[in-house]
Amino acid sequence: MSQDTLIVVDGNSLVYRAFHAIPLLTTTRGLITNAAYGFTNMLYKILQDEQPELVAVVFDKGRVTFRTEQYSSYKANRKAMPDELRPQFPIIKDILQAMNIKVFELDGYEGDDLIGTIVAKAEKNGLNTLVVTGDRDALQLVSPRTKVLMTRKGITNLDIYDEGKVWERFGIYPNQFIDFRALTGDSSDNIPGVPGIGEKTAAKLLQKYHSLDEIFNHLDELPKRQREKLQQHREQALLSKKLVTIEQNVPIEVDLTQCTYRSPDYHRLLELFTELEFKSLVKLIIGSDGSKNGKNKKAAHEQPAVDTFKVGYQKITKPEHLDTLLEEVKNTEGISLVLNGTAETGVSAAAIATGKQVYQLPVEGKPDEYLQVLKEICEDDQAIIYCHDGKSAIWMLHHHGIKLNNLGFDTMVASYLLNPASPSLELEDIALQNLGVVLPSKGEAALPARAEVIKKLVPVLRDKLKQQQEERLFYEVELPLVKVLAQMEITGLAVDKQGLEEMSAELGRRIDELTVEIHALAGEKFNINSPRQLGKILFEKLELPVIKKTKTGYSTDASVLEQLAEKHEIVDKILQHRQLTKLKSTYADGLAALINKNTGCIHTTLHQTVTATGRLSSAEPNLQNIPIRLELGRRIRKVFVPRDKNNVILTADYSQIELRILAHMAGDPGFIEAFNQGQDIHTRTASEVFGVPIDKVTAEMRSKAKAVNFGIVYGISEYGLARDIKVSRAEARRYIDNYFARCPGVKNYIDRVIREAKDKGYVTTLLNRRRYLPDLFSPNRMVRSFGERAAINTPIQGSAADIIKLAMIRINKELEERKLQARMVLQVHDELIFDTPASEMPELVEIVKDCMENAMSLDVPLVVDIKTGPNWYEVKPIEEQHHA
DNA sequence: GCGAGGGC
DNA sequence: GCCCTCGC
């Protein structure tokens with residue numbers, strides 16, 4: 001007889017258990033996955049422990065079953081399936097399919113009955129069966145060959161019931177279980193049983209009389225109270241018996257050979273698990289702990305279930321092979337290119353995948369031979385080239401004087417667009433998530449594998465972009481922008497190094513003076529830069545009042561110090577010290593350290609795949625936060641100079657772009673009108689909020705109104721506004737209410753955006769850039785409010801990003817076509833900075849103004865202010881220069 | 001990792 | 001609301 005083991009899983013029972021045992025988990029896209037995660041983990045563990053030869057999972061189908069027809073109250077007190085659970089069933093079925101596990105379901109029957117039928121068949125075939133469920137009724141199936149694995153509490157505690165265990169637990173044999181339930185009932189399924197007869201009594205009766213029928217035959221032997229109860233509820237007991245009896249002959253084809261447990265489709269499973277963000281399960285399959293450095297060893301028993309992705313490739317050993325490569329590239333629409341190397345040292349190795357073949361370069365023994373071929377390929381306008389992080393490829397090629405003319409796809413940028421709030425940016429992760437393959441991390445095969453994977457990813461990612469309606473955004477904005485950003489980084493900003501050093505020295509002297517004074521006032525030396533030491537001095541030694549606390553101690557931030565300023569003269573000096581050390585360390589010294597020795601310029605990195613809203617970010621150094629508000633800091637801008645003595649700096653910034661976008665998207669007539677008439681928008685808001693005529697708006701009112709306008713754009717909270725303009729919460733609330741009362745279009749817009757965001761799970765910008773907002777569904781109110789503010793802010797901030805990106809692409813195209821020497825060198829969210837020969841100024845002004853103001857057509861004008869000067873500090877409006 | 005502070 | 005960098 002066969003010793004094979006069959007596992008039959010009650011899908012619904014385990015899914016419900018998992019749902020209630022695990023708190024709501026969501027993916028970064030807001031998909032709820034807790035039940036799917038818990039179920040999959042349970043299943044994995046059971047399969048691991050039992051190593052079965054056969055596996056089946058059953059599900060209920062349809063709410064009406066033959067039991068409901070017999071007894072309308074059956075399971076009537078069961079609540080409807082929670083909205084968070086329902087959509088997890090298709091996910092679970094996808095997972096089971098990927099695991100190659102047979103699923104049974106049949107309309108009108110509960111999972112129990114399918115289990116019963118399968119068990120009957122298994123018994124006939126002499127299989128050992130293990131039923132996995134949380135439903136006690138299944139215990140009636142226990143036999144010498146059939147056991148039940150029952151969930152106890154949570155999902156990790158499982159009890160195994162064989163005949164002995166049933167006896168031990170209930171004092172009955174499994175074949176008495178139906179009668180037992182007929183007597184005790186089951187409140188969760190609304191099975192009545194015999195009221196007043198509990199488990200203890202039922203077991204005693206069954207021990208003595210063996211069955212329900214025999215109990216009724218011997219009623220006269222029973223004590224009066226029991227007898228009466230049984231007589232009175234006889235019909236009910238018999239009905240209960242029918243209801244709890246598991247059907248073992250359901251009209252369904254059960255072919256146990258179909259249940260043979262084969263190995264899963266690991267690639268599909270990896271795609272699913274990575275998409276669902278089941279990180280521990282991914283680790284289980286790929287046998288890695290996810291650490292990039294590979295320092296942490298795998299546990300010995302953890303055999304990776306999938307091999308790393310391998311692809312056959314041709315190493316180019318002879319120069320003649322290069323001709324073959326060139327020929328094939330010519331005949332291929334879209335090749336992928338992977339480069340090893342750095343921007344500083346150039347390309348050290350390359351791989352090219354055409355779809356038919358993967359080529360590995362360089363030519364053995366001839367380290368530079370291939371560069372000419374690389375040049376021919378990259379600069380061929382006909383060759384469409386796919387990269388992962390095309391901008392870094394452009395940098396590396398730039399080292400060899402090679403251009404990348406036709407970037408046809410960028411898997412990193414595409415993956416960012418699909419989920420900018422938490423994108424997978426590493427090719428390894430993108431491959432896992434979209435192809436279900438594991439990339440080799442090192443070794444000779446790594447490069448060709450990457451090339452092949454990029455080539456395979458392009459259609460998959462393109463399809464996903466299309467599904468999210470972001471194909472145009474990708475091809476018309478983000479992809480062409482890669483080249484523009486590369487050019488900006490490569491050009492860099494010229495810096496007056498000597499000027500920077502002088503500023504650093506001067507700041508150093510003033511910091512030293514202040515340090516001496518502060519130490520004297522404190523009566524001891526201490527590290528002013530250490531919030532811990534500073535806190536001790538201020539709040540313990542000098543006993544100043546504690547205004548705010550942080551997680552780790554006293555808060556000493558600027559708002560706290562400002563409130564303490566009048567209590568002790570040391571405080572103002574600390575504020576000054578803070579300001580000066582920030583300027584010296586971050587700006588004077590920080591910038592000086594990043595001047596490129598060869599070019600004398602600062603080459604920031606403009607990140608295209610970092611922000612959740614679609615903005616760019618700047619790093620090493622961050623040139624998007626060079627001081628401007630305070631005069632002292634603003635002087636830093638003097639060191640940013642043109643790269644040639646005949647050049648000037650030109651800046652062009654959008655005036656109030658975010659508020660204009662808000663006016664446009666909200667369609668608020670008053671707001672739109674104000675911009676169309678060229679009114680001062682903050683003055684107008686002040687007039688609305690304070691209910692005074694435009695000409696009666698004071699400077700203070702305007703400044704408060706300005707804060708309100710910012711607040712609206714940021715997704716206002718009265719708390720934030722009150723803090724910013726230093727008024728009470730109630731006062732702030734009044735301003736906001738007034739604002740909404742006077743600008744109903746804005747109010748409606750905000751409500752609409754939040755509603756749509758909650759409905760769809762994401763928000764979009766004017767060019768359909770998408771951001772998922774899982775925070776909107778958080779059970780935590782604070783997190784939820786945060787999500788709501790992001791829902792308001794993202795369409796505005798992101799649309800501004802869309803617009804300036806469009807302008808940048810058009811400007812660069814014009815500069816190129818007109819062969820101008822002017823260069824765009826920086827973007828600061830609503831501002832572009834150029835380094836241009838003075839002679840090209842008039843033409844540049846015309847191009848920049850035109851491209852920026854007409855980047856997109858809105859219901860309000862886009863207005864750009866242009867300034868020029870000998871450095872970034874001294875830029876002045878061009879009109880003024882005419883008059884001067 | 002946190003607090004602080006610079007920008008839009 | 002969105003970032004980056006510094007010093008501890």
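Note: hydrogens, waters and symmetry copies are ignored here, and every other heavy atom, side chains too, is used. Convention: sequence-line order gives letters A, B, ...; per-chain numbering from 1.
- Distance from the side chain of A/Ala612 is smallest to C/dC3 among B/dG7, C/dC3, C/dT5.
- Listed nucleotides: C/dC6, C/dC4, B/dG3. Nearest to the side chain of A/Thr550: B/dG3.
- The distance from atom CD1 of A/Ile636 to atom P of C/dT5 is 16 Å, rounded to the nearest whole Å.
- Of the candidate nucleotides C/dC4, C/dC2, B/dG5, C/dC2 has the atom lying nearest to any side-chain atom of A/Thr611.
- Spacing between atom CD of A/Gln579 and atom P of B/dG6 amounts to 7 Å, rounded to whole angstrom units.
- Nucleic acid contact for A/Gln797: base, since at least one base atom lies under 4.0 Å from a heavy atom of the residue.
- Nucleic acid contact for A/Val610: sugar-phosphate only, since backbone atoms but no base atoms lie under 4.0 Å from a heavy atom of the residue.
- Taking only side-chain nitrogens and oxygens, A/Thr581 never comes nearer than 4.0 Å to OP1 or OP2 of C/dC6.
- For A/Arg629, a side-chain nitrogen or oxygen approaches OP1 or OP2 of B/dC8 to under 4.0 Å.
- Residue A/Ile626 is classed as a sugar-phosphate contact, given heavy-atom separations below 4.0 Å to backbone atoms only.
- Looking at heavy-atom distances under 4.0 Å, A/Thr794 makes no contact with the nucleic acid at all.
- The distance between atom CD1 of A/Ile574 and atom P of B/dG3, rounded to the nearest whole Å, is 19 Å.
- Atom pair A/Asn622:CG and C/dT5:P shows a separation of 6 Å (rounding to whole Å applied).
- Between C/dC2 and A/Arg615, no contact under 4.0 Å exists linking OP1 or OP2 to a side-chain N or O.
- The CZ atom of A/Arg771 sits 8 Å away from the C1' atom of C/dC2 (whole-angstrom rounding).
- Aromatic pair A/Tyr739/A/Tyr735: ring centres not closer than 6.0 Å.
- Candidate nucleotides B/dG3, B/dG5, C/dG7 were compared by shortest atom distance to the side chain of A/Arg578, and B/dG5 ranks first.
- The distance from atom CG of A/Leu616 to atom P of B/dC8 is 15 Å, rounded to the nearest whole Å.
- Screening A/Asp835, A/Leu832, A/Thr604 against A/Leu826 for a side-chain contact (heavy atoms from CB on, under 4.5 Å) leaves a single residue, A/Thr604.
- For A/Asp557, the side-chain atoms get nearest to B/dA4 when compared with the rest of B/dG3, C/dC2, B/dA4.
- Atom pair A/Glu620:CD and C/dC3:C1' shows a separation of 15 Å (rounding to whole Å applied).
- Atom NE2 in A/His577 sits roughly 14 Å away from atom C1' in C/dC8 (whole-Å rounding).
- A/Ile628 comes within contact range of the sugar-phosphate backbone alone, with a heavy-atom separation under 4.0 Å but no base atom that close.
- Look at A/Glu277 and A/Arg29 and you find no salt bridge, because none of the NZ, NE, NH1 or NH2 atoms lies under 4.0 Å from a carboxylate O.
- Residue A/Phe786 is classed as a sugar-phosphate contact, given heavy-atom separations below 4.0 Å to backbone atoms only.
- Here A/Thr586 does not reach the OP1 or OP2 of B/dG6: none of its side-chain N or O atoms lies under 4.0 Å away.
- Checked by distance alone, A/Lys582 brings a side-chain donor or acceptor within 3.5 Å of a matching partner on the base of B/dG5.
- A/Ala800 comes within contact range of no nucleotide atom at all, as no heavy-atom separation falls under 4.0 Å.
- The side chain of A/Ser555 has B/dA4 as its nearest neighbour among B/dG6, C/dG1, B/dA4.
- One side chain, A/Arg770 or A/Tyr772, offers a donor N or O that lies under 3.5 Å from an acceptor on the other.
- For A/Asp830, counting side-chain heavy atoms from C-beta on, the closest listed nucleotide (B/dC8, B/dG5, C/dC8) is B/dC8.
- At the phosphate of C/dG7, neither OP1 nor OP2 sits under 4.0 Å from any side-chain N or O atom of A/Ser530.
- At a threshold of 4.0 angstrom between heavy atoms, the contacts of A/Gln533 with the nucleic acid are absent.
- Look at A/Glu853 and A/Lys849 and you find a salt bridge, because one of the NZ, NE, NH1 or NH2 atoms lies within 4.0 Å of a carboxylate O, short of that distance.
- Of the candidate nucleotides B/dG3, C/dC6, B/dA4, C/dC6 has the atom nearest to the side chain of A/Ser585.
- Between A/Arg769 and A/Glu478 there is a salt bridge, since at least one side-chain N of the basic residue sits less than 4.0 Å from a carboxylate O of the acidic one.
- Checked by atom type, the side-chain pair A/Ser530/A/Asn527 shows no donor-acceptor distance below 3.5 Å.
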